[in-house]
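Structure first, then comments.
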Amino acid sequence: MPLTETQWSPREEKIAQTAFDIAYRREVASMMAEVQRQAQGATNPDELWKLHDFLSARRHDLDGKYDFRSSMLIFVFAQLVKEHWLELGELEGLSSDKIAKVKALAVI
């Protein structure tokens, strides 16, 4: 049976999981640096609540973005490439049709 965009070989699943984890760690590290910057600059309660709002919004964004369902991975990887959290080379080993779809959706 040929692979479709929602079918992943065990090898591709490992590659996808690794790439997914790398991108997630990068984005969370960037967010943590921003939180630290904002926290250090906070001098009043309004700035503290602004930081809380920032964290709430980012958590909502990350929870929606990092979807590891096989039917969503091409779209997730395209978004991560487009946002520079992931490089195409980190998807090496995926089928050429999957890489082509990521490239097309990321418009690179």
Side-chain angles (χ1 to χ4, degrees):
M1 172 187 284
L3 292 177
T4 65
E5 69 180 340
T6 59
Q7 294 178 324
W8 299 73
S9 71
R11 181 174 179 268
E12 286 182 314
E13 286 177 1
K14 285 183 180 182
I15 292 165
Q17 185 67 63
T18 299
F20 187 92
D21 292 345
I22 286 169
Y24 183 78
R25 284 193 305 270
R26 283 180 185 146
E27 189 162 3
V28 168
S30 174
M31 182 183 66
M32 288 177 68
E34 176 60 19
V35 166
Q36 290 172 348
R37 186 193 68 73
Q38 287 186 31
Q40 288 175 347
T43 58
N44 62 58
D46 287 339
E47 291 168 341
L48 179 64
W49 296 124
K50 183 179 175 184
L51 178 58
H52 172 270
D53 294 344
F54 170 79
L55 281 168
S56 295
R58 293 295 294 138
R59 181 172 185 176
H60 178 76
D61 179 49
L62 291 177
D63 287 349
K65 182 188 304 184
Y66 287 89
D67 184 344
F68 198 74
R69 290 178 293 168
S70 61
S71 62
M72 297 303 296
L73 280 175
I74 296 294
F75 301 104
V76 170
F77 288 149
Q79 182 176 3
L80 295 173
V81 168
K82 190 173 188 174
E83 295 175 355
H84 305 287
W85 299 118
L86 191 63
E87 295 179 22
L88 274 175
E90 293 167 316
L91 298 173
E92 186 176 325
L94 297 184
S95 66
S96 58
D97 65 314
K98 287 183 178 76
I99 301 257
K101 289 174 184 176
V102 170
K103 282 182 183 178
L105 290 168
V107 191
I108 58 169

For [X] versus [Y], what's the shortest heavy-atom pair and its separation?
X: Arg11; Y: Gly93; value: NH1-O, 3.0 Å
X: Ala106; Y: Ala78; value: CB-O, 3.5 Å
X: Phe77; Y: Leu86; value: CD2-CD2, 3.6 Å
X: Val35; Y: Phe54; value: CG2-CE2, 3.7 Å
X: Gln7; Y: Glu12; value: O-OE1, 4.1 Å

Partners meeting side-chain hydrogen bond (donor to acceptor under 3.5 Å, both in side chains) with Arg58 (sequence neighbours left out):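 side-chain hydrogen bond (donor to acceptor under 3.5 Å, both in side chains) list for Arg58, sorted by chain: Glu27, Asp61.
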Set of residues satisfying side-chain hydrogen bond (donor to acceptor under 3.5 Å, both in side chains) with respect to Arg37, sequence neighbours excluded: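 With neighbours one apart ignored, the set is Glu34.
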Using the rule that two of Ile, Leu, Val, Met, Phe, Trp, Tyr join whenever any of their side-chain heavy atoms come within less than 4.5 Å, decide whether [X] and [Y] are in one cluster.
X: Tyr66; Y: Ile74; answer: yes
X: Met72; Y: Val102; answer: yes
X: Val76; Y: Leu62; answer: yes
X: Trp85; Y: Leu88; answer: yes
X: Leu48; Y: Leu55; answer: no

Sidechain-backbone polar pair: Ser30 side chain, Arg26 backbone, donor-acceptor under 3.5 Å: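 Here the side-chain-to-backbone pair does not exist.
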Derivation of the side-chain contact (heavy atoms from CB on, under 4.5 Å) call for Leu105 and Lys82: CA-CA 9 Å; Leu105 290 168; Lys82 190 173 188 174; over 6 Å; no
Would you give the length of the straight line joining atom [atom1] of [X] to atom [atom2] of [Y], rounded to the nearest 0.5 angstrom?
X: Asp46; Y: Leu51; atom1: CG; atom2: CG; answer: 12.5 Å
X: Ser96; Y: Lys103; atom1: OG; atom2: NZ; answer: 9.5 Å
X: Ile15; Y: Trp8; atom1: CD1; atom2: CH2; answer: 9.5 Å
X: Gln17; Y: Leu73; atom1: CD; atom2: CG; answer: 8.5 Å
X: Glu90; Y: Asp21; atom1: CD; atom2: CG; answer: 11.5 Å
X: Glu13; Y: Leu94; atom1: CD; atom2: CG; answer: 11.0 Å

Residues Arg59, Asp63: salt bridge by 4.0 Å N-O rule: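 Judged by the 4.0 Å cut-off on N to carboxylate O distance, Arg59 and Asp63 do form a salt bridge.
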Salt bridge (charged side-chain N to carboxylate O under 4.0 Å, His left out) partners for Glu47, two or more places apart: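 Salt bridge (charged side-chain N to carboxylate O under 4.0 Å, His left out) check on Glu47 returns nothing, list empty.
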Tyr24 atom OH, over 12 foreign heavy atoms within 6.0 Å: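 Result for OH/Tyr24: open.
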